[in-house]
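Each residue takes its place number in the sequence, starting with 1. All values below were derived from every heavy atom in this structure, side-chain atoms included, with hydrogens, water molecules and symmetry-related copies excluded.
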Amino acid sequence: MSKRARVPQPKSEPERQNRSRAVAELLPAVGGAAFRRFGFVQSAIVSRWPEIVGEKLASASAPESIRFPPGQKSEGVLTLTVRGAHAPMMQHVAPEIVERVNRFFGYAAVAKLTIRQGEVAKRRAPAAPPSLRPVPADMGEGLKGIADPELRAVLESLAAGVAATRGIPKIS
């Protein structure tokens, strides 16, 4: 009996799905790869920086990267870009920033903070979704218990849109 050498088979293409997909469904993978390349495991730290550290600190700083020791996803070094004169203030509140970032991640992801002076881009305030019509009282009562203001606003907008429809949509 002779042993044959195994020839590696070429990897097959992922199974195709015969449906149209939203661009948002495809983009997280693209954005995630770019964020990982620049040292971010989770892109939400960049987009939610004002929520993590507060508006005052976020206006003077921006997260640049998180570097972890090889093979680990904890005890990382967070590098911040800070506007010139704000660097000494950031050094004083560094332990609080590390605590807030770790609370955001839910584990001790960051152990150290590195500060680099540089220009911080001005943040634009997120635009609130336009409301079509006030939310009817019977729909709005269930939404008052939602703590996240962004989620509540989106759900109120959805409820107003549903309330604004009149019957089955007509396709011409």
Side-chain angles (χ1 to χ4, degrees), residues 14-15 17 19 21-131 135 139-162:
E15 187 177 322
Q17 299 173 355
R19 65 180 180 90
R21 296 190 302 180
V23 175
E25 191 177 323
L26 302 171
L27 285 181
V30 174
F35 277 112
R36 277 192 301 280
R37 179 175 173 218
F38 291 105
F40 285 104
V41 176
Q42 189 175 12
S43 61
I45 193 170
V46 176
S47 61
R48 298 179 68 184
W49 186 244
E51 293 175 43
I52 296 170
V53 297
E55 288 295 330
K56 183 178 178 184
L57 295 178
S59 66
S61 66
E64 187 177 291
S65 67
I66 298 176
R67 303 281 181 209
F68 295 105
Q72 294 184 5
K73 293 295 179 197
S74 63
E75 302 297 317
V77 177
L78 172 64
T79 303
L80 294 181
T81 302
V82 178
R83 203 171 284 130
H86 296 278
M89 176 190 67
M90 290 298 216
Q91 283 182 317
H92 288 291
V93 296
E96 185 179 341
I97 292 172
V98 169
E99 178 189 341
R100 288 180 180 188
V101 170
N102 287 338
R103 191 177 322 137
F104 173 76
F105 279 114
Y107 68 98
V110 176
K112 184 180 173 189
L113 186 72
T114 303
I115 296 173
R116 185 182 71 78
Q117 290 185 346
E119 271 307 304
V120 177
K122 298 264 186 198
R123 295 185 185 277
R124 286 185 276 145
S131 180
V135 180
M139 285 191 195
E141 291 301 318
L143 299 176
K144 289 182 180 176
I146 297 174
D148 185 12
E150 185 178 349
L151 177 61
R152 188 178 337 107
V154 170
L155 290 174
E156 285 174 353
S157 175
L158 177 64
V162 169

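Here the OG1-CD1 distance, from Thr79 to Ile115, works out to 10.0 Å after rounding to the nearest 0.5 Å. Atom CG of Leu78 sits about 11.5 Å away from atom NZ of Lys112, to the nearest 0.5 Å. Taking CD of Glu51 as the reference point, atom CZ of Arg100 lies at 12.5 Å (rounded to 0.5 Å). In this structure, NE2 on His86 lies 10.0 Å from CG on Leu57, to the nearest 0.5 angstrom. Rounding to the nearest 0.5 Å gives a distance of 10.0 Å between CE of Met90 and OG1 of Thr81.
Nearest approach of Trp49 to Ser61, heavy atoms of both residues: NE1-OG, 3.1 Å. The two residues Val120 and Ala62 have their closest heavy-atom pair at CG1-CB, 4.1 Å. The two atoms that bring Ala108 and Asn102 nearest to each other are C-OD1, 3.7 Å, heavy atoms only. Contact detail for Pro50 and Glu55: the closest heavy-atom pair is CB-OE2, 3.3 Å. Of all the heavy atoms in Phe68 and Gly76, the pair that sits closest is CD2-CA, 3.6 Å.
Contact annotation: the side chain of Val53 never approaches that of Val93 to less than 4.5 Å [non-hydrogen atoms, C-beta and beyond]. Looking at heavy atoms from C-beta onward, Phe105 lies out of side-chain contact with Ser74 at the 4.5 angstrom threshold. Counting heavy atoms from C-beta on, the side chains of Ile52 and Val101 come closer than 4.5 Å. Using a 4.5 Å cut-off on side-chain heavy atoms (C-beta onward), Phe104 and Val110 make no contact.
Put simply, the side chain of Arg83 gets close to the backbone of Ser59: a donor and an acceptor are under 3.5 Å apart. A donor-acceptor pair is defined here as one N or O able to donate and one able to accept, closer than 3.5 Å; no such pair exists between the side chain of Glu75 and the backbone of Ala111.
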